[in-house]
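The structure appears right after this line, and notes come after that.
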Amino acid sequence: MLEAEAPRVAMRFVVEGPPVGALWRRAMLRAALAPLVVLGPLVAMAPTADHRFNIYWHGGLFRDNPLRIVPHTLDSMPSYLRMGNFRPLGRMVEKTLDLIAYVLGDVLGIPGNIAFRLVSFVAAALLGVVAMLLAESIVARGRMFRRPPSTLAAVVPFAVAGGLVAAGRASPVVLFAGLYLTSAALVLAVPAMLCRIHPQRPIRLWWILPLIVAGAALASFNEVAYLSLPLATVAVPARGRWVLELTGHKLWLAAPMRVLGLLWLGFLPVFLTVRAIINHYCSIRDCYTGSDVAAGPEVFAALPSRALGWFPPLMWPDATVGGGHRPWLAGVVLVAAALALGALAFSAIRDLRRLSVVDRPAGAVLLLVAATAVLLGATMGALNGEIQRVATKGDWGMGWRDSAVTMPAGALLLAALGHLIRPGRRVLIATLILLFAASATVSATANKRFRDAVMASPAARLDDRIAQSMADFDPTPAGQARRCALRAEFFAMFADAPFSRYRFDQSFDVAAEQRAGVQFCPHPPTAPRGK
């Protein structure tokens, strides 16, 4: 007897959603793109302060031999120490970023200031990604990329982007943006990497020297980078105790703590020695006010303003002072930013059902780490005499180099607070995404207003024309005549600033010699300080 034919059963494939890798890629893309939308209105802003000169000076000096950056920086170390700061690695990074902007402008045929902004936008995108990865490194248990990212990955990019406000000409979004945003990314990256070391991982002998050297490198970068190890000193044990639930020797002798100790072992000798030398020089002469330490009761008066100055609504007034004569253009930016950020927000909300839930202990640890980063950055700012004077005037939203850290740290703080209200509540997380996206939209509009205010000044328009003349460098006699007219206009505008005139000739002559073998404009030697 033949067996009956087995019945045919239709097979159904249930697709639960995108794979883990796709979720991570989309999260990182949002973290990188959201800052670009907010900073986009600044792309064509004229160069300001030292940027007017450094792009061309460093570009001209190192275009044909980038390795010269190292001896050039080391040779200048003694003079900088006498002025009160020690940033050899930071200055190397700064010169490298200026060189990249110079070469990018040369390759694309665009003015150096636009190329410089593009470089700083990459640094902002890096900061957005690192801030998100720090949050994930703290809350994740086990291998981070083997699981879907948490709902923090959907919220943090918009919170970080909303804080990138051009709150005054000293804001890290405006002044030395590439350097300080990169420095802030380094500050957040150190605890993120330490948090991802498995507690039971053995420490190899050959790790010891590189880790000590890495600690010394952090002490040789700049003042912002000093914050990385204190922040890690809070993040690593807090995560070990309350996220991984380690206690006793399993916590204090875990691999992350031992690595952290080796980093401190390299950091402290360099830091303490350099601060002793700087304190000696600054006790017998005036030092550079931007890095001088003014300890006293004024620190406590300035601390609250620096601890809250990262909050976007407090920064918006500083960005919109003097606003621009065509407010309808700000409206166009508002709509364009809302559409771009809205698309990113829709993508984040769509992914929410596949993202991991952040429980209360992990959210509380992230809150502690973010608050620590805010306090560290605010303390660094409050120790500066210039910032103390600004604080006494009641300006709570002015950006300074400490804002490079407090802005993303404040974003992480707000995201952690939101997650602590009702963990796992997707409606609440979606509301946070929309709220932070709306804040980022306003920040983009404020940046447009800031750019318009800067470009309304005669000096900015002149700087813009000088940058254009370098982009379209004309070696003919007619081109030389146009450049000499620009030089004469600059010298007349800055007749009472001899050092600016010296920097003009120093920088643009080096760049012109590199590009065409001629001076920017033939002239007699210029004294460094008008002597």
Side-chain angles (χ1 to χ4, degrees), residues 38-57 98 101 105 110-118 120-121 164-178 180 290 315-333 386 390 393 395 397-401 403 443-472 482-508 520-521 530:
V38 175
L39 295 178
L42 300 174
V43 68
M45 187 169 66
T48 59
D50 286 344
H51 295 156
R52 297 174 298 170
F53 312 120
N54 286 354
I55 298 171
Y56 303 100
W57 183 40
D98 288 343
I110 57 177
N113 57 302
I114 294 179
F116 177 81
R117 290 297 160 199
L118 294 177
S120 70
F121 290 178
L164 294 173
V165 183
R169 292 175 183 257
S171 167
V173 170
V174 177
L175 189 62
F176 298 105
Y180 283 119
M315 292 191 288
W316 292 334
D318 280 87
T320 55
V321 170
H325 303 292
R326 291 179 290 179
W328 65 271
L329 284 177
V332 173
V333 170
E386 292 180 354
V390 169
K393 298 177 182 178
D395 188 351
M398 189 198 83
W400 198 61
R401 66 188 61 160
S403 303
S443 295
T445 310
N447 287 343
K448 167 62 178 171
R449 296 287 298 274
F450 180 84
R451 187 261 176 191
D452 289 347
V454 169
M455 295 306 298
S457 70
R461 292 195 294 269
L462 174 59
D463 291 333
D464 210 25
R465 285 186 284 134
I466 294 171
Q468 188 63 52
S469 74
M470 288 300 302
D472 300 326
R482 288 191 293 270
R483 292 193 300 277
C484 286
L486 290 172
R487 179 178 181 272
E489 188 176 348
F490 183 93
F491 273 48
M493 186 175 293
F494 294 93
D496 58 347
F499 189 64
S500 292
R501 289 183 290 170
Y502 166 74
R503 287 300 315 277
F504 183 100
D505 284 340
Q506 176 197 47
S507 305
F508 289 104
F520 183 84
C521 171

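Counting all heavy atoms, side chain and backbone alike, L486 lies closest to L462 at CD2-CD1, 3.9 Å. Closest approach of D463 to A46, counting heavy atoms only: CB-CB, 4.5 Å. Annotation for Q468 and P111: closest pair OE1-CG, 3.3 Å, computed over non-hydrogen atoms. Residues S443 and V165 share a closest heavy-atom pair of OG-CG2, 3.4 Å. Shown here for R451 and M45, the closest heavy-atom pair between the two residues is CG-CB, 3.8 Å. Across every non-hydrogen atom of P172 and R401, the tightest pair is CD-N, 4.5 Å.
With H51 contributing its side chain and L175 its backbone, the two residues share no donor-acceptor pair below 3.5 Å. Judged purely by atom type and a 3.5 angstrom limit, D464 has no side-chain atom pairing as donor or acceptor with the backbone of I466. At distances below 3.5 Å, at least one donor-acceptor pair connects side-chain atoms of N447 with backbone N or O atoms of A166. Remark: the backbone N or O of F504 is not paired with any side-chain donor or acceptor of S507 at under 3.5 angstrom. When atom types are taken as modelled, the side chain of R461 and the backbone of A456 share a donor-acceptor pair closer than 3.5 angstrom.
Electrostatic pairing of D452 and K448 counts as a salt bridge here, judged by a charged N lying under 4.0 Å from a carboxylate O.
Interatomic distance, R169 CZ to M398 CE, rounded to the nearest 0.5 Å: 13.0 Å. To the nearest 0.5 Å, atoms CZ (R501) and CZ (R487) are separated by 9.0 Å. In this structure, OG in S500 is found 5.0 Å from CZ in F53, a value given to the nearest 0.5 Å. Between the CH2 atom of W57 and the CG atom of D50 there is a distance of 9.5 Å, given to the nearest 0.5 Å.
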### Message
Working note: L42 + F450, criterion side-chain contact (heavy atoms from CB on, under 4.5 Å); need CA distance, chi angles, decisive distance, verdict.
### Response
CA-CA 8 Å; L42 300 174; F450 180 84; 4.3 Å; yes

Worksheet item: Would W400 and S171 count as a side-chain hydrogen bond (donor to acceptor under 3.5 Å, both in side chains) if you check the C-alpha gap in whole Å, the side-chain angles of each, and the deciding distance to 0.1 Å?
Response: CA-CA 5 Å; W400 198 61; S171 167; over 6 Å; no

(message) Pair M470, F508 - check side-chain contact (heavy atoms from CB on, under 4.5 Å), show working.
(response) CA-CA 8 Å; M470 288 300 302; F508 289 104; 3.8 Å; yes

Check against side-chain contact (heavy atoms from CB on, under 4.5 Å), I110 and L118
CA-CA 11 Å; I110 57 177; L118 294 177; 4.1 Å; yes

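Taking the six-membered ring for Trp, Y56 and F520 have ring centres at least 6.0 Å apart.
Every residue two or more places apart in sequence or in another chain that forms a side-chain hydrogen bond (donor to acceptor under 3.5 Å, both in side chains) with D98 is listed here: H58.
Both cation-pi conditions hold for R52 and F494: the charged atom is under 6.0 angstrom from the six-membered ring centre and inside a 45 degree cone around its axis. Stacking of R117 on the aromatic ring of F121 is not recorded, the 6.0 Å distance cut-off and the 45° axial limit not both being met.
For the pair F491/D505, a side-chain contact is recorded, criterion being any heavy-atom separation below 4.5 Å from C-beta on.
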